[in-house]
Chemist: 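After the structure tokens below, expect a handful of questions from me.
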Amino acid sequence: MPAAVLHVAEGVALPETKQLPPTYENPISTLPTVPEAELCDGSIPIIDLEALHGPRRSHIVKQLGHACQHKGFFAVKNHGIPKTAVNNIFDTTREFFHLPEEERMKFYTPDPNSDIRLMTAYKDEVENVFVARESLKFHCHPVEDYVNKWPTNPPSFRKKAAEYLTNVRRVEMTLLDAISESLGLERDYIEKRLGGHYVSLNYYRACEQSELELTYGVRGHTDPTIITMLLQDDVPGLQVLSEGKWMDVNPIPDTVVVHVGDLLQAISNHRYKSLLHQAIVNCEKERMSIASYCYPSSDAKIGPPKKLIDTDHPAIYKDFTFGEFSKQMWKVITPTDKRLDLFKCSAA
């Protein structure tokens with residue numbers, strides 16, 4: 001598969017999609033490059049998940065909505081994922097990517113619709129950059145439907161992955177209820193549209209100093225999801241585009257980073273903006289992250305609900321299903337949310 005097509009969904013491979021000839025091109029080169037990016041300091045909104053279950057819920061919901069609208073991302077503390085589960089998923093991820101290449105390559109496939117898929121680092125000859133991330137992507141909900149397709153080497157992989165992902169699903173459901181509420185919708189509005197859950201175990205090797213300026217971890221992109229939850233280890237690397245500049249989102253102990261995806265942008269009628277983000281590498285230490293992707297069922301309606309549309313807030317997007325989005329997104333080669341342009345109302 002050409003590198004440019006891989007980039008369409010560098011964050012996630014969606015179900016029930018087929019590769020189609022691209023009809024729109026938005027070159028990667030339009031984004032600030034790694035050496036040109038001006039890093040800026042910025043505060044990261046922190047949401048106390050535990051407080052959503054108490055008398056301060058309405059206040060926390062407002063905080064969450066403000067973060068989605070003005071930042072596009074936030075960090076979650078007191079999420080309840082056991083520290084042992086976090087340590088275990090990082091341990092098993094490290095063990096997997098330290099296996100001999102022939103063992104890891106058992107999971108390599110060019111099929112983006114595979115239930116489990118290894119993606120390797122690659123050179124983009126067109127842009128003359130190296131994309132260094134290696135990732136193992138697989139479906140994980142319900143766990144019992146997919147666990148038998150996961151690796152058995154390392155031997156603890158299935159048990160440790162299942163433990164972490166079961167906890168992540170619980171956090172995801174709590175957040176989606178609060179996000180729906182922050183939009184003035186019924187708490188289960190988004191939940192009713194949910195399909196599966198997809199995860200990517202990401203591994204970034206330390207880079208040679210001489211290659212650093214031409215090496216990305218992952219290039220700038222938005223995710224074609226509702227939300228993405230990202231667990232980082234203690235090595236910095238995540239950056240988000242804020243006011244035209246790349247901002248470091250350094251790891252905060254015992255938190256998970258959550259950001260808005262393209263589909264939540266559509267559901268919210270563009271009130272919440274899909275987050276443009278990238279990952280960089282370093283020359284000193286390997287880095288790992290665990291990304292969990294939330295997406296709807298194929299027949300779920302994604303357009304903004306009538307409750308969010310009025311004279312002052314006309315509909316930006318028409319009604320479409322996730323199945324339609326999945327098929328059309330492969331026509332668009334873009335690092336941003338422009339794949340949603342295919343579903344804009346004519347007057348928008």
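These numbers come from the heavy atoms of this one structure, side chains and all, not from hydrogens, waters or symmetry mates. This structure is a prediction, so every number in the text was calculated from the model and none was measured.
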Chemist: If I compare all heavy atoms of T255 with all of L231, which pair ends up nearest, and what's the gap?
Modeler: O-CD1, 4.0 Å

Chemist: Which atom pair, heavy atoms only, marks the closest approach of N167 to P82?
Modeler: OD1-CD, 3.4 Å

Chemist: With a 3.5 Å cut-off and no angle check, do the side chains of T222 and R339 form a donor-acceptor pair?
Modeler: yes

Chemist: Out of the candidates Q239, H221, R219, only one should pair with H277 under the side chain to side chain donor-acceptor pair (under 3.5 Å) rule; please name it.
Modeler: H221

Chemist: Can you tell me how far CD1 of I267 sits from CD1 of I302, rounded to the nearest 0.5 angstrom?
Modeler: 5.0 Å

Chemist: Using a 6.0 Å cut-off, check whether atom CD of E50 has over 12 heavy atoms from anything other than its own residue.
Modeler: no

Chemist: Determine the sole option in Y164, F97, F157 for which the side chain to side chain contact (heavy atoms under 4.5 Å, CB included) test with T92 is passed.
Modeler: F157

Chemist: Is there a salt bridge (charged side-chain N to carboxylate O under 4.0 Å, His left out) between K77 and D254 once you walk through the steps?
Modeler: CA-CA 6 Å; K77 69 176 183 178; D254 302 321; over 6 Å; no

Chemist: Under a 3.5 Å cutoff, is there a donor and acceptor pairing between the side chains of Q232 and R287?
Modeler: yes

Chemist: How far does NZ of K149 sit from CZ of R158, to the nearest 0.5 angstrom?
Modeler: 11.0 Å

Chemist: Under a 4.0 Å N-O cut-off, is there an ion pair linking K106 with E103?
Modeler: yes

Chemist: Any salt bridge linking R117 with D111? Criterion: basic side-chain nitrogen under 4.0 Å from a carboxylate oxygen.
Modeler: no

Chemist: Count I, L, V, M, F, W, Y as connected when their side-chain heavy atoms are under 4.5 Å apart, and connections chain through other members. Are F96 and V147 then in the same cluster?
Modeler: yes

Chemist: If Ile, Leu, Val, Met, Phe, Trp and Tyr residues are connected whenever their side-chain heavy atoms lie under 4.5 Å apart, and connections chain through other members, are Y189 and I309 in the same group?
Modeler: no

Chemist: Does R187 use its side chain to pair, donor to acceptor, with the backbone of E181 at less than 3.5 Å?
Modeler: no

Chemist: Taking all heavy atoms of G217 and all of V281, pick out the closest pair and write down the distance.
Modeler: CA-CG1, 3.7 Å

Chemist: Take E172 and R169 through the salt bridge (charged side-chain N to carboxylate O under 4.0 Å, His left out) test and state the conclusion after the steps.
Modeler: CA-CA 5 Å; E172 177 184 88; R169 183 70 174 185; 2.8 Å; yes

Chemist: Once the angle between the rings of H270 and Y317 is folded into 0 to 90°, is it parallel (under 30°), tilted (30 to 60°) or perpendicular (over 60°)?
Modeler: parallel

Chemist: Is there a continuous path of hydrophobic side-chain contacts, each under 4.5 Å between heavy atoms, that joins F320 to L342?
Modeler: yes

Chemist: Any chance the side chains of T321 and D299 put a donor and an acceptor closer than 3.5 Å?
Modeler: no

Chemist: Please report the shortest heavy-atom distance between G196 and Y295, naming the atom on each side.
Modeler: N-CE1, 3.4 Å

Chemist: Give me the one residue out of E286, R94, R133 that meets side chain to side chain donor-acceptor pair (under 3.5 Å) with Y203.
Modeler: E286

Chemist: Minimum heavy-atom separation for Y146 and P142, please, with both atom names.
Modeler: CD1-O, 3.4 Å

Chemist: Decide if atom CZ of R170 counts as having more than 12 heavy atoms of other residues, nucleotides or ligands within a radius under 6.0 Å.
Modeler: yes

Chemist: Would you give the length of the straight line joining atom CE of M247 to atom CG of L241, rounded to the nearest 0.5 angstrom?
Modeler: 10.5 Å

Chemist: Tell me whether the count of non-hydrogen atoms from other residues, nucleotides or ligands lying under 6.0 Å of CD in E144 goes above 12.
Modeler: yes

Chemist: Which heavy-atom pair separates R193 from K301 by the least distance, and what is that distance?
Modeler: NE-O, 3.4 Å

Chemist: For the NE2 atom on H53, are there more than 12 heavy atoms of other groups (residues, nucleotides or ligands in this structure) within a distance under 6.0 Å?
Modeler: yes

Chemist: Taking the inter-plane angle between the rings of F322 and F325 on a 0 to 90° scale, is it parallel (under 30°), tilted (30 to 60°) or perpendicular (over 60°)?
Modeler: parallel

Chemist: Are the side chain of S268 and the backbone N or O of Y272 linked by a donor-acceptor pair below 3.5 Å?
Modeler: yes

Chemist: Are V235 and L201 linked, directly or through other ILVMFWY residues, by side chains that come within less than 4.5 angstrom of each other?
Modeler: no

Chemist: Keeping the roles fixed (side chain from H141, backbone from V143), state whether a donor-acceptor pair exists under 3.5 Å.
Modeler: no

Chemist: When you measure from the side chain of S135 to the backbone of K137, do you find a donor-acceptor pair of N or O atoms at a distance under 3.5 Å?
Modeler: no

